[in-house]
Amino acid sequence: MHFLKKLSVMAVSSLLTVSIAQAAEEPTPEDWFNAGHKTVVDALHLHPNKRHAKNVILFVGDGMGISTITASRIFDGQQKGGYGEENSLSFEKFPYLALSKTYSVNQQTPDSAPTMTAMVTGVKSNDGFISVNHTLVRSEPNANVINANKLTTILEQAKENGMSVGVVSTARITHATPAATYAHTANRDWEGDSDLPAGATVPDIAAQLVDFNINGGIEVALGGGRTRFIPSTATDPEYGVAGKRKDGRDLTAEWGSKHSKAQYVWNKAQFDAIDPNKTDHLLGLFEPSHVHYEADRIAHDKAGEPSLTEMTIKAIDILKKNRNGYFLMVEGGRIDHAHHAGNAYRALTDTQQMAAAVDAAVGKTNTKDTLIIVTADHSHVFTIGGYPQRGNPILGLAQGVGEAGPTLDLLGLPYTTLNYANGPGYTGASNIQPDGSKTFTTPATPGWASGSEGHTPTSYKPANGRPTLSNDQVQHHDYLQEAIIPLGSETHAAEDVAIFAKGPKAHLFHGVVEQNVIYHVMAEALELNKHQHSYHHSK
Amino acid sequence: MKITDFLKCVFCIVFLCLPISSLADSTNKITQQTTEVACRYEMSVIPHDKSQATSNTAWFFWRTPNMIQTLVANGDHGEIWQRTVNGSIQYRKLYHSDKTAVEYMPADIPTNNMNFDWFKLSTMLTQQELNALKPVKTTQVLGRNAVLRTGKTNGQTLEVLWLSDENLPASITRNDENRTVALRLVEITPLSAAPHKPIAVEDITNYRHIDAADFGDMENDPFVKKMMAADGHHH
């Protein structure tokens, strides 16, 4: 194991230097110096790609704050047998980086709706708003008012310019992040027509996806959220539950009838059978709601569903047929959900999967003509603390350099490297689990009961000190890292998130920027500003 | 009724129904015959520590071949399980005054170790548990034939008055070292003649539905705010 870790260190170091690969040993001081110098030499030879982009791929890790990236990098590296810290996720090797200020017009700590609106329209807005400006009232029901205040998205502009477009997510395809690319509404929760209040004339988000009519409609939409596309008179093909649409529309059928060379799929076998060369429009809805966490996808899914990487590859293979290029948005949507649940393991494994999807996208595109951006909409209150030694298991108890066992706090108790500032991992007794550490899954109840719904408590008693933790316990996949403040759901955080970029115009990302700058870089890369009226002009 | 009381009620039902697998007796196998019934149960939790208060709750239980629905008698919280055409079980928590249902989606059920057994849901005990309890005597409860079945497991005693025709317990009493939990049937009628009817499935369909996985992204939603704050400890 130690040998492998040494090899891993060497492998990473060799990315930075060409001179230290002589032996499988710890890098020498000279190795570190040379590796650092090599990075600078590489930077000196970095030539900005000033061409315009034919294609743009925007990856959004929902809730993928910087601490999540760091922990995922270490987790991924340790799974490969290394110490972990020296590892790099695929997008961390991108040459350009900026920080993104994520606040919305009315929130210091934002939600996914205005943040994605900022990224795809160039305009910051209010909480819960999907590509409409902040002057509206929340839940504005009037379609005319929405139309008068909608913000044109990069996806819409791409279609107007004859490009193909795609949206891929592990969340519901009608969830805030994917929705902001193609829909306009003042309430992110109006995903299906049954979610609309009486009298509302603004169309629901699912209908907006299928009715999208610019230049032949959206080419690729892959994710979850099936029930909002199926009428209440029909049942879900995988689980038999009723559809949610009250208007009688079967949007999955309409997708097939309104587009040429169109396919609708809902399981992996159907997905795998899709020939991109023979398919111009692909709708894939793999679960009634969000798709599985990557950690659970293969073991638990009844009908099988593709990974985020597989969906990304399929999307690119369909979109790249257009000589005018394409815009693709890919969301790792459940990183956010795992954090809300206070479960680092699932957040890290979903981040790891998104990094794999980025890697696949890089492999299928040409950096000369494709701008790839990887960012997050917001962060989470997720911390990496203590003074663990190099290579300490990232999910484990903190153990310092030279220490024979875990580092102890002032109560004489060990603690983990990863923790949350708030959330369901608070160790007081909750109304669901007893005093002490909490787990993602409440043990299955053997008798007649309401079932186990994980740990989403509605009350706590004050913690009595801290629990005594073991490495076996805290490295279990279902362990909930300790939280200081008891909340039923862990919260977003307000600190900046990272923007990684490569390809044409990627060098325009620099410094600390407002989140809406992401749109403007994409628009510049695609030369959209030459062909479109600016927001201010159109107003 | 506060949500904590509702959940206490749920906990107690769970407690009552812990497995008694050591009492296996295959000669007393009970087959499931689901009749459509409407019941009202009362439950008492009696701590052996006299300094702690006894808690009492009551709740309605409605059963059809493919639906189980409950409602806390003096509250507006309930639950519904529906068996779908392909055998899946759809589970929702119901908040009637808010006309809101919280869904637990298929993708999250196995992840969360949910493992719904329709027999358990519709009869409150597993087939194996019932088989393991030894019949002691026959009697009458609310004018219906009942069999007293008893057993002991893990130092705990379990006593069940079982309505054979309805496949339901008329009572379950469980003792452990800390408390006695007693469930008692106080009213049972055919569903069609029930004085208290369950909420129609069609009406529940019209409720607002929220995926439980979305709570974290609904920080400003009034219902979610109320849910998460409902049982906070106010000092």
Side-chain angles (χ1 to χ4, degrees), chain A residues 111-112 127-128 172 175-176 188-189 194-195 224 232 235-236 238-242 244 246 287-293 295-296 299-302 334 336-337 339-341 431-432 440-454 456 458-462 487-492, chain B residues 3-4 7-8 10-11 13-19 70 79 81-82 84-88 90-91 93 103-116 120-126 129 205-206 208-221 227-233:
Chain A
D111 73 285
S112 298
D127 72 290
R172 291 188 298 270
H175 208 234
R188 59 176 284 174
D189 297 325
S194 59
D195 301 315
S232 57
T235 55
D236 183 83
E238 188 173 3
Y239 300 103
V241 298
K244 282 194 164 64
K246 292 178 183 172
E287 279 293 317
S289 185
H290 310 294
V291 304
H292 286 80
Y293 289 110
D296 307 311
H300 289 161
D301 189 40
K302 194 171 180 179
R334 302 216 72 184
D336 178 67
H337 295 157
H339 276 322
H340 281 308
N431 60 302
I432 297 173
F440 187 71
T441 57
T442 302
T445 48
W448 185 90
S450 62
S452 160
E453 63 272 20
T456 51
T458 55
S459 68
Y460 278 95
K461 290 180 179 173
L487 291 179
S489 181
E490 181 264 7
T491 72
H492 298 175
Chain B
I3 293 172
T4 42
L7 291 165
K8 280 176 191 167
V10 168
F11 167 78
I13 296 167
V14 174
F15 175 81
L16 277 164
C17 303
L18 288 172
T70 64
E79 294 174 283
W81 296 259
Q82 286 178 277
T84 67
V85 289
N86 64 1
S88 297
Q90 182 184 22
Y91 169 56
K93 286 185 175 177
E103 297 179 285
Y104 292 85
M105 302 307 296
D108 294 319
I109 286 174
T111 302
N112 288 338
N113 279 346
M114 291 186 190
N115 183 22
F116 296 129
K120 276 194 263 184
L121 291 170
S122 57
T123 65
M124 303 191 197
L125 293 166
T126 67
E129 288 165 352
T205 301
N206 289 326
R208 179 189 184 205
H209 280 67
I210 298 175
D211 182 342
D214 290 335
F215 270 30
D217 288 321
M218 302 181 76
E219 71 283 356
N220 291 325
D221 182 86
M227 274 283 294
M228 297 318 242
D231 298 322
H233 294 270

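Every chain is numbered from 1 and lettered A, B, ... according to where its sequence line falls, protein lines coming before strand lines. Since we're looking at a predicted model, the values are computed, not measured.
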Inset, instruction - Would you sort out whether T235(A) and T84(B) count as a side chain to side chain contact (heavy atoms under 4.5 Å, CB included), showing the intermediate values? - result: CA-CA 9 Å; T235(A) 55; T84(B) 67; over 6 Å; no
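- Looking at every heavy atom in both residues, H337(A) comes nearest to D214(B) through NE2-OD1, 4.1 Å.
- Evaluation of the side-chain contact (heavy atoms from CB on, under 4.5 Å) rule for E219(B) yields Q107(A), D111(A) as partners, not counting sequence neighbours.
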Inset, instruction - Apply side chain to side chain contact (heavy atoms under 4.5 Å, CB included) to the pair H492(A) and D217(B), showing each step before the final yes or no. - result: CA-CA 9 Å; H492(A) 298 175; D217(B) 288 321; 3.1 Å; yes
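- Contact of H339(A) with chain B is not made at all, since no heavy-atom distance falls under 4.5 Å.
- In this structure, the separation between CZ on R172(A) and CG on D211(B) is 5.5 Å, given to the nearest 0.5 Å.
- A donor-acceptor pair is defined here as one N or O able to donate and one able to accept, closer than 3.5 Å; no such pair exists between the side chain of S88(B) and the backbone of G240(A).
- If you measure heavy-atom distances from N220(B) to chain A, the contacts under 4.5 Å come from the side chain alone.
- The greatest number of non-hydrogen atom pairs below 4.5 Å with chain B, out of D236(A), D195(A), D189(A), is found for D189(A).
- Only the side chain of E103(B) comes within contact range of chain A, with at least one heavy atom under 4.5 Å from a heavy atom of that chain.
- Distance CG/L487(A) to CZ/F215(B): 14.0 Å, rounded to 0.5 Å.
- Residues G216(B) and S489(A) share a closest heavy-atom pair of CA-OG, 3.0 Å.
- Residues that satisfy the side-chain contact (heavy atoms from CB on, under 4.5 Å) test with N206(B), not counting sequence neighbours, are K246(A).
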Legend entry - side chain to side chain contact (heavy atoms under 4.5 Å, CB included) assessment of T205(B) paired with K244(A): CA-CA 8 Å; T205(B) 301; K244(A) 282 194 164 64; over 6 Å; no
